[in-house]
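Read through the structure below, which is laid out as structure tokens, and then see the notes.
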Amino acid sequence: MRILAVADVPSDRFYEYYTEGKLDEFDLILSCGDLRPEYLEFLVTMAHCPLIYVHGNHDDSYGREPLGCECADDNIIEYRGIRILGLGGSFKYRDGKYMYTENQMKSRVRRLWLTIKKHRGFDILLTHAPARGLNDFETVPHRGFGCFNTLMEKYNPQFFIHGHIHRNYDYRIPQICTKGSTTVINAYEYCVFDIDER
């Protein structure tokens, strides 16, 4: 299965300079947040495949949810055998609907234990924020969550897909790296990857 992951900034390749058929190769689109509903609606319409998303820290300013897309926040969505666990939002640095302290994010994870057990784990961890110490920064607005590391260590998903860390913050931030057996992707703007269906 070929997946397009997007986050934070609309890609001109798939929007401003879109040409017919450019999205046909994708079987699924994953959004890591901070993208306007109109952009996600355009992608899901032109790609003719599902789009699953989580919220970013700026999504409360958009005023509505994207039509035709499915929100994975605080849930596992299964598509063609691939289990996607969604935990949107960023580290809390101001009041906002999609901002959380470490303890609040841990609480969200704890509430999912039965869902995770029922699905026998998950294949993709889809978030907006990075994990603590992995592609994040010391500054509070761009700090990652330690509990994401715990999820990866306990369940060994194939992929951890996040956004929030713009690659122009530091050119040394890798788009793809690994943590144990998990491939970590910073989906800033977009990234394409393949996963075997179960």
Side-chain angles (χ1 to χ4, degrees), residues 3 5-8 28 30-35 52-60 70-79 82-94 96-167 169-170 172-191 193 195:
I3 297 176
V6 295
D8 302 292
L28 178 65
L30 299 176
S31 171
C32 298
D34 281 356
L35 289 167
I52 297 169
Y53 70 97
V54 293
H55 293 102
N57 53 298
H58 296 298
D59 282 1
D60 55 353
E70 189 170 5
C71 183
D73 265 331
D74 303 307
N75 198 11
I76 290 178
I77 295 175
E78 193 165 331
Y79 177 66
I82 302 301
R83 301 158 300 174
I84 301 153
L85 172 62
L87 287 163
S90 75
F91 210 92
K92 186 169 186 169
Y93 60 93
R94 61 169 172 82
K97 186 175 180 181
Y98 304 116
M99 296 194 198
Y100 306 90
T101 64
E102 179 72 38
N103 284 336
Q104 287 171 330
M105 188 61 78
K106 281 181 183 176
S107 180
R108 291 174 70 193
V109 171
R110 278 194 300 271
R111 287 194 297 270
L112 284 165
W113 76 269
L114 189 58
T115 300
I116 295 172
K117 182 178 178 182
K118 175 184 166 188
H119 286 272
R120 297 178 182 168
F122 52 94
D123 303 293
I124 297 174
L125 175 57
L126 180 68
T127 71
H128 180 63
R132 187 73 176 120
L134 189 65
N135 298 340
D136 70 341
F137 295 105
E138 288 300 318
T139 54
V140 175
H142 296 99
R143 184 175 297 168
F145 289 101
C147 57
F148 293 168
N149 288 309
T150 305
L151 279 170
M152 285 187 277
E153 290 159 7
K154 185 172 181 178
Y155 295 102
N156 298 304
Q158 282 185 258
F159 291 93
F160 169 43
I161 317 295
H162 71 84
H164 193 53
I165 303 300
H166 296 211
R167 294 183 71 213
Y169 293 164
D170 187 337
R172 294 165 295 186
I173 298 169
Q175 185 165 37
I176 300 174
C177 62
T178 58
K179 179 178 174 62
S181 61
T182 301
T183 299
V184 179
I185 296 176
N186 177 3
Y188 172 72
E189 193 173 342
Y190 78 93
C191 187
F193 66 99
I195 187 170

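Between His55 and Asp73 the shortest heavy-atom distance is ND1-OD2, 2.6 Å. Minimum interatomic distance between Asn57 and His128 (heavy atoms only, all atoms of both residues): OD1-NE2, 2.9 Å. Heavy atoms only, all atoms of each residue included: Ile165 and Asn186 are closest at O-ND2, 2.8 Å. Summarising the geometry of Tyr100 relative to Arg108, their closest heavy-atom pair is CE1-NH1, 3.1 Å, with the distance given to 0.1 Å. Residues Leu126 and Cys32 approach most closely at CD1-SG, 3.6 Å, considering heavy atoms. Closest of all the heavy-atom pairs between Leu151 and Pro157 is O-CD, 4.2 Å.
Inter-residue side-chain proximity for Leu87 and Phe148 is flagged as met; some heavy-atom pair is nearer than 4.5 Å. Inter-residue side-chain proximity for Met99 and Tyr93 is flagged as met; some heavy-atom pair is nearer than 4.5 Å. Proximity of Thr127 to Phe160: side-chain heavy atoms (C-beta onward) are separated by under 4.5 Å at one or more points. Side-chain contact check for His58 versus Tyr98: every heavy-atom pair is 4.5 Å or farther apart. In this structure the side chain of Leu125 never reaches within 4.5 angstrom of the side chain of Thr182, judged on heavy atoms.
For the atom pair CD (Glu102) and NZ (Lys92), the distance works out to 14.0 Å, reported to the nearest 0.5 Å. Atoms CZ and CD1, from Phe159 and Ile185 in turn, are 5.5 Å apart once rounded to the nearest 0.5 Å. To the nearest 0.5 Å, atom CD of residue Gln158 and atom CG of residue Asp123 are 5.5 Å apart.
Evaluation of the side chain to side chain donor-acceptor pair (under 3.5 Å) test over residues 148-157, restricted to residues two or more places apart or in two chains, returns Glu153-Lys179.
Every residue two or more places apart in sequence or in another chain was checked for a salt bridge (charged side-chain N to carboxylate O under 4.0 Å, His left out) with Asp8, and none qualifies. Taking the side-chain contact (heavy atoms from CB on, under 4.5 Å) definition, one finds that Arg110 meets it with Lys106, Ser107, sequence neighbours left out. By the ring pair (Phe, Tyr, Trp, His ring centres under 6.0 Å) test, Tyr190 is found to be paired with Phe14, residues two or more places apart in sequence or in another chain being considered. Residues satisfying the side-chain contact (heavy atoms from CB on, under 4.5 Å) criterion with Ala5, sequence neighbours excluded, are Ile161, Ala187, Phe193.
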Show which side-chain atoms of residues 133-142 pair as donor or acceptor with protein atoms under 3.5 Å away, not counting sequence neighbours.
residue, atom, partner, partner atom, Å
Asn135, ND2, His162, NE2, 3.3
Asp136, OD1, Gly133, N, 3.0
Asp136, OD2, Arg132, NH1, 2.9
Asp136, OD2, Gly133, N, 3.1
Asp136, OD2, Gly144, N, 2.9
Glu138, OE1, Arg132, NH2, 3.1
Glu138, OE2, Arg132, NH2, 3.4
His142, NE2, Tyr169, OH, 3.3

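With Asn75 contributing its side chain and Ala72 its backbone, the two residues share no donor-acceptor pair below 3.5 Å.
When the options Ile3, Ile176, Leu30, Val6 are evaluated for a side-chain contact (heavy atoms from CB on, under 4.5 Å) with Cys191, the one that passes is Ile176.
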